[in-house]
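What follows is a short report on a single structure.
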Number of protein chains: 2
Amino acid sequence: MKPDVYAANCPTRQILDRVGDKWAVLILLLLRVEPMRFNQLRRTIEGISQKMLSQVLKSLERDGLIRRHAIATVPVTVEYSITQLGLTLAGAVDPLRDWAEQNLKDVLAAQRRYDAQQKEEAA
Amino acid sequence: MKPDVYAANCPTRQILDRVGDKWAVLILLLLRVEPMRFNQLRRTIEGISQKMLSQVLKSLERDGLIRRHAIATVPVTVEYSITQLGLTLAGAVDPLRDWAEQNLKDVLAAQRRYDAQQKEEAA
DNA sequence: GATATCTAGTTTCTATTAGTTACCACAGAA
DNA sequence: TTCTGTGGTAACTAATAGAAACTAGATATC
């Protein structure tokens, strides 16, 4: 009944870390639409650095959520696509995205209330 | 169609950050069962530092996901409970937890395959 | 009467991680 | 010959997570 806090033993912990990763889900959702190349992803996701993109792609591939396919052109092009496993994870993220869209207003309102309260107490 | 990368504008991004927070969801799921006090949470979640617990509780309260209730005993006790909003977020996390439990085996297998592949290529 | 314990935190410092910037090698076009 | 494109890596810095010690006030223990 007690949640298992030790990261190594807790599957949910590991998946939440992956989903909480700033770029991972974004990439997953992009690749759900269609396969993309490295620089294509980089241009689409304005603000990501090459290092982070490279790093996240590598870890997503390691987890079996995406597939890396190098094509022997000149210069080499590399295409990334989503796997079946990645597809199901993306699906599990959808309820969360829906929740976010429906409830962001309330969260922001709560934040404003809290901040106003704090300010008042400080005065 | 293109996902909005700029964090400030993207509700999903903000919620995913919250859910990806190492301790936040854990606390939310604990408080879904029953209200708890500060040190009670600290003892239940072995491994969390007082600083992190205090910090996460504060940000969860700020987001309107939990409620803080100080009781004038001696010494003062503080009880944290989940709000209606927090309850619905916890519900949206459930599919993800289910996915994790069902697919962790596959993810770990993919990781082993990937690591073996890397090792082989290095040799 | 000094010490320890409970409550719920805060402060300080360090280790880890996230992110930025510059660079690599190769080929084709201007 | 310098510029653009391919897909990255290496070195450095800023931000954050976490460990450990401290606060304060009342009660119980030695």
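None of the values given here were measured: they were computed from a predicted structure. Letters A, B, ... are given to chains in the order of the sequence lines, protein chains preceding strands, and every chain is numbered from 1.
- When heavy atoms are screened at a 4.0 angstrom cut-off, A:Arg37 is found touching the sugar-phosphate backbone but no base atom.
- For the pair A:Lys58 NZ and D:dG7 C1', the interatomic distance rounds to 11 Å; values are reported in whole Å.
- Sorted by first and then second residue, the salt bridge (charged side-chain N to carboxylate O under 4.0 Å, His left out) pairs involving residues 71-91 of chain B (not counting sequence neighbours) form an empty list.
- If you measure from atom CG of A:Leu53 to atom C1' of D:dT6, you get 14 Å, rounded to the nearest angstrom.
- Separating the NE2 atom of A:His69 from the C1' atom of D:dG8 is a distance of 18 Å, rounded to the nearest angstrom.
- Annotation: salt bridge (charged side-chain N to carboxylate O under 4.0 Å, His left out) contacts involving residues 83-93 of chain A, sequence neighbours excluded, are absent.
- Rounded to whole angstrom, the span from the CG atom of B:Leu26 across to the P atom of D:dG18 amounts to 12 Å.
- Heavy-atom minimum distance, A:Leu26 versus A:Ile45: CD2-CG2, 3.7 Å.
- Partners of B:Ala70 under the side-chain contact (heavy atoms from CB on, under 4.5 Å) rule, at least two apart in sequence or in another chain, are B:Arg68, B:Val78.
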Would you give me the side-chain donor-acceptor pairs under 3.5 Å for residues 60-67 of chain A, sequence neighbours excluded?
| unit_1 | atom_1 | unit_2 | atom_2 | d |
| --- | --- | --- | --- | --- |
| A:Arg62 | NE | B:Asp115 | OD1 | 2.9 |
| A:Arg62 | NH2 | B:Asp115 | OD2 | 2.8 |
| A:Asp63 | OD1 | B:Gln111 | NE2 | 2.7 |
| A:Asp63 | OD2 | A:Arg18 | NE | 2.7 |
| A:Asp63 | OD2 | A:Arg18 | NH2 | 3.4 |
| A:Arg67 | NH1 | A:Ser81 | OG | 3.3 |

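- Here the CD1-CH2 distance, from B:Ile27 to B:Trp23, works out to 8.5 Å after rounding to the nearest 0.5 Å.
- Each of B:Arg43 and B:Ser54 lies near DNA chain C, and the nucleotide nearest B:Arg43 is the one positioned closer to the 5' end.
- B:Asp98 meets the side-chain contact (heavy atoms from CB on, under 4.5 Å) test with B:Gln102; sequence neighbours excluded.
- An angle of 40°, rounded to 10°, separates the two end axes of the helix from C:dG1-D:dC30 to C:dA30-D:dT1, each defined over five pairs.
- In this structure, the CZ atom of B:Phe38 is 18 Å from the P atom of D:dA24, given to the nearest Å.
- In this structure, the CZ atom of B:Arg42 is 13 Å from the P atom of C:dT5, given to the nearest Å.
- Annotation: proximity of residues 71-81 of chain A to DNA chain C (heavy atom, distance under 4.0 Å) is found for A:Val74, numbered in ascending order.
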Only pairs under 3.5 Å count here: list side-chain donor-acceptor contacts from residues 48-56 of chain A, not counting sequence neighbours, and write none if there are none.
| unit_1 | atom_1 | unit_2 | atom_2 | d |
| --- | --- | --- | --- | --- |
| A:Ser49 | OG | A:Met52 | N | 3.2 |

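- Taking each heavy atom of A:Leu31 and A:Tyr80 in turn, the nearest pair found is CD2-O, 3.4 Å.
- Every pair passing salt bridge (charged side-chain N to carboxylate O under 4.0 Å, His left out) that includes a residue from residues 29-42 of chain A is listed here, sequence neighbours excluded: A:Arg32-A:Asp94.
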Could you list all N or O pairs between the protein and nucleotides 16-22 of chain C that sit under 3.5 Å apart?
| unit_1 | atom_1 | unit_2 | atom_2 | d |
| --- | --- | --- | --- | --- |
| C:dG19 | OP1 | A:Lys22 | NZ | 3.3 |
| C:dG19 | N7 | A:Lys51 | NZ | 2.4 |
| C:dG19 | O6 | A:Lys51 | NZ | 2.5 |

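- Remark: P of D:dT16 and CZ of B:Arg18 are 14 Å apart, rounded to the nearest angstrom.
- Rounding to whole angstrom units, CG of residue A:Asp21 and P of D:dA17 are separated by 13 Å.
- Among residues two or more places apart in sequence or in another chain, the side-chain contact (heavy atoms from CB on, under 4.5 Å) test is passed with A:Gln117 by A:Glu121.
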